[in-house]
Every structure is written in C-alpha cells, then in structure tokens.
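Just so we're clear, the structure is a prediction, and the values are computed from it rather than from any experiment. Below, read A as the first sequence line, B as the second, and so on, with proteins coming before strands; counting in each chain starts at 1.
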2 protein chains.
Amino acid sequence: MDEFEATRALGALAQPTRLAVFRLLVREGPAGLPAGEVAARLGVQPATLSFHLAQLERAGLLAARRQSRQILYAADFAAMGALVGFLLDDCCHGHPEVCAGLDAAEERAGRAAAKVEV
Amino acid sequence: MDEFEATRALGALAQPTRLAVFRLLVREGPAGLPAGEVAARLGVQPATLSFHLAQLERAGLLAARRQSRQILYAADFAAMGALVGFLLDDCCHGHPEVCAGLDAAEERAGRAAAKVEV
DNA sequence: TTGATATTTCAACAATTATCAAATTATGGA
DNA sequence: TCCATAATTTGATAATTGTTGAAATATCAA
C-alpha cells in the first residue's frame, strides 16, 4: 500500500456514516449484508448510502457481489490489515510507543501464541 | 478513543500534505521540527502548513511547543497507537485476517520478544 | 522601543464532499 | 411482456475543506 492508497482508505473511514458502515460489515463477517439492509439498520437514505458504499469499495475496504436482486457488501479484512500495516510500518517504522498495547487485539484474535522474552 | 476521535484522527491523516507532515515528524522523533522547517522541506506555503498543523494537533496526533521564536511540532506516538488500537480492536475486534502480518512492525520495533505456539 | 523573524489568523475564493429527490438500470416473478 | 423490487446514477444544493495573500501576534536582539 502506497501513500495514495493509504489516504484513500483513511479518507473512506474518516466519515461517521462510512465508519459505521464498515464496523457493521465487520460484525457481519464475510457473508456481508445487502445495501438495503445496511441502509435500514443505520437509518440512512439508500441513495446516500450508495454514495458511501462506493467510496468504501473504491478504497478497497469493501467487496461487492450481486446475489439475485440485491448487492451484498462485505468488509475486506486484508485491506484493513494492509492499512494498519502501512500506519505501523511505513508511517511509524514500528516505533515501540505506537506498537505498545497492540497485544490485546492480537490475543483477542484467538491466535495460539504466547510471548516469551529472549 | 471513541468513534468521534477516530474519525478526527483518520481525517487528519487522510490528506496528502498532512500525511507527509506526520511521516516527516515521525522520522524526526520527539525533538520535532519547527513549523518553518516542515514548510520548507515539504515545499508548502507557511499559511497553508499552519492550517494543516492545526488539524493534526486538534486530532491529537501532533504536540506543539514554543521554543524561542519557533514552534516545534512533534508526532504523538501514543495517539497513533491509540488510533491503530481502535482500528484493530473496536473496529475489527481483533479479526485474525486483519492482524496477520503485524509481526514485522513489532519486530522492527526491536522488542526482545519471540512467538511460541502453545 | 524599534526592527527583524517565525508563525498564526483572517478573509476571500476554489474545490471537494455530503445529502436528497427523481430518473435509471438490473433482476426475478406473474 | 409487464410489474415490482433493489440498487445506482444524476443533478441540484448545502456544507465543508484547502489555498493564498495580507494582516496580526509573539519573540528576540540591537
């Protein structure tokens, strides 16, 4: 991910409705949710939501697939991982103070791993 | 960090000039750099830079301190850590696919730690 | 105090972004 | 085919954001 893609992804998430959309779709997992359902749950007009979904998709944070009459949107977890990787790595060069406190998320991920001082 | 602060921080970084400012100041470390020096290095008008510095500071990503006639700006690493923590934790609930590939940054941080499967 | 330097604030303007109603496209069923 | 449903696109408008020159503020040195 380069600086251009990063500003796109950051900009896509830097708006309350879009951040809410992404968070909702993260909870729904790979199956995703039809656009109309997202609009209904968040109380957003279909046309307005469509605008925001397009931005998130253009930034690569959502994947869209049609299923019959509906279009299902799902969060792209790898893309979010790439964005976080950009922030930690390219942007902050793995600075210790930035990385401190990241263990909680990793542990919650349920990865069977433990840290051992060497 | 709540959703409001997160959108602020994301928005602050979602602009090429501001992302460049933050990256520059990360490289300079806690000592920071005077506003004029940042403007000169990035080739941005002082007034324009001042506008962007204010946004980054308002988002908590930069700390400003006056030293004689200059105002030194430095990256706030803890704030960036909090933003990344929000994205991983609150936003993605530590989803494995998002966290995959985060080790590189942590190892680059020079933390004397190794992972062991349990 | 006066002058020079560093930076911010102000005011104006251009560009971008967000919202919504209306029109359009795509799909499936009668 | 015709109709209903799901979603997007378009066009208008309001709101926000980014840029710049000029003016204002703060600090230091003579």
Side-chain angles (χ1 to χ4, degrees), chain A residues 3-25 28 31-76, chain B residues 3-25 28 31-76:
Chain A
E3 220 159 323
F4 176 77
E5 293 174 299
T7 53
R8 270 235 173 135
L10 290 165
L13 295 173
Q15 206 275 347
T17 300
R18 287 196 297 267
L19 185 56
V21 168
F22 188 78
R23 274 156 63 96
L24 170 60
L25 291 177
E28 293 298 321
L33 232 45
E37 179 68 21
V38 175
R41 290 212 204 167
L42 299 178
V44 178
Q45 297 268 356
T48 300
L49 182 78
S50 198
F51 167 80
H52 290 305
L53 287 172
Q55 297 226 25
L56 284 161
E57 193 187 0
R58 198 165 58 112
L61 290 164
L62 296 186
R65 66 184 196 279
R66 181 178 280 274
Q67 186 175 79
S68 174
R69 262 180 275 194
Q70 359 198 51
I71 298 180
L72 300 177
Y73 285 90
D76 186 322
Chain B
E3 219 159 321
F4 176 77
E5 293 174 298
T7 53
R8 271 233 171 135
L10 290 165
L13 295 173
Q15 205 275 347
T17 300
R18 287 197 294 268
L19 184 57
V21 167
F22 188 78
R23 274 157 62 98
L24 171 60
L25 291 177
E28 292 298 320
L33 231 46
E37 179 69 19
V38 175
R41 289 210 205 169
L42 299 179
V44 178
Q45 297 268 358
T48 302
L49 183 77
S50 197
F51 167 81
H52 290 305
L53 286 171
Q55 297 225 25
L56 284 162
E57 193 187 0
R58 198 165 58 113
L61 290 165
L62 296 186
R65 65 185 197 279
R66 181 177 280 274
Q67 187 178 78
S68 173
R69 260 180 278 193
Q70 1 199 49
I71 297 180
L72 300 178
Y73 285 89
D76 186 321

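- Mapping B/A54 and A/T17 onto DNA chain C by nearest heavy atom places B/A54 closer to the 5' end of the strand.
- B/Q67 has no side-chain polar atom (N or O) that falls below the 4.0 Å cut-off from OP1 or OP2 of D/dT27.
- Of the candidates D/dA7, D/dT27, D/dT19, the closest approach to any side-chain atom of B/R69 belongs to D/dT27.
- Atom CD of residue A/Q55 and atom CG of residue A/L62 lie 11.0 Å apart, to the nearest 0.5 angstrom.
- Rounded to whole angstrom, the span from the CG atom of B/L53 across to the P atom of D/dG18 amounts to 13 Å.
- Between C/dA21, D/dT19, C/dT7, one nucleotide has an atom nearer to the side chain of B/I71 than all others, and that is C/dT7.
- The side chain of B/A47 has C/dT9 as its nearest neighbour among C/dA18, C/dT9, C/dC20.
- Under 4.0 angstrom from either OP1 or OP2 of D/dA6 there lies no side-chain N or O belonging to A/Y73.
- Proximity note for A/R18 (side chain, C-beta onward) versus C/dT27, C/dA18, D/dT20: the nearest is C/dA18.
- Side-chain proximity of A/F51 to D/dT19, D/dA4, C/dT19: nearest is C/dT19.
- Of the side-chain N and O atoms in A/H52, one or more sit less than 4.0 angstrom from OP1 or OP2 of C/dT19.
- Between the CD atom of A/Q15 and the P atom of C/dT16 there is a distance of 18 Å, rounded to whole Å.
- Taking all atoms of both residues into account, the shortest heavy-atom contact from B/I71 to B/A64 is CG2-CB, 4.1 Å.
- Considering CD of B/Q70 and CZ of B/R65, their distance stands at 10.5 Å, rounded to 0.5 Å.
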Practice problem: For side chain to side chain contact (heavy atoms under 4.5 Å, CB included), just list the numbers for A/R18 and A/F51, CA-CA rounded to whole Å, side-chain angles, deciding distance to a tenth of an Å, and then say yes or no. | Solution: CA-CA 10 Å; A/R18 287 196 297 267; A/F51 167 80; 4.3 Å; yes
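- Nearest heavy atom pair, residue B/A9 against residue B/A59, reads CA-CB, 4.0 Å.
- For B/S68, the side-chain atoms get nearest to D/dT27 when compared with the rest of D/dT27, C/dC20, D/dT20.
- Regarding B/L42, its CG atom lies at a distance of 16 Å from the P atom of D/dG18, rounded to whole Å.
- Of the candidates D/dG21, C/dT27, D/dA7, the closest approach to any side-chain atom of B/Q45 belongs to D/dG21.
- Atom CZ of A/R66 is separated from atom P of D/dA7 by 9 Å (rounded to the nearest Å).
- Listed nucleotides: C/dA26, C/dT7, D/dT8. Nearest to the side chain of B/A35: C/dT7.
- Atom CG of A/L72 is separated from atom C1' of C/dT27 by 14 Å (rounded to the nearest Å).
- Between atom CZ of residue B/R41 and atom CD of residue B/E28 there is a gap of 4.5 Å, rounded to the nearest 0.5 Å.
- For B/P34, whose side chain is taken as the heavy atoms from C-beta onward, the closest listed nucleotide among C/dT19, C/dT7, D/dT8 is C/dT7.
- A residue-by-residue look at A/Q55 and B/L49 shows that B/L49 has its nearest nucleotide of DNA chain C further toward the 5' end.
- The CZ atom of A/R8 sits 13 Å away from the P atom of C/dT16 (whole-angstrom rounding).
- Nearest to the side-chain atoms of A/Q70 among the listed nucleotides D/dA7, C/dA6, D/dT27 stands D/dA7.
- The distance from atom CD of A/E57 to atom P of D/dA7 is 14 Å, rounded to the nearest whole Å.
- Taking side-chain N and O atoms only, B/S50 has a distance below 4.0 Å to OP1 or OP2 of C/dT8.
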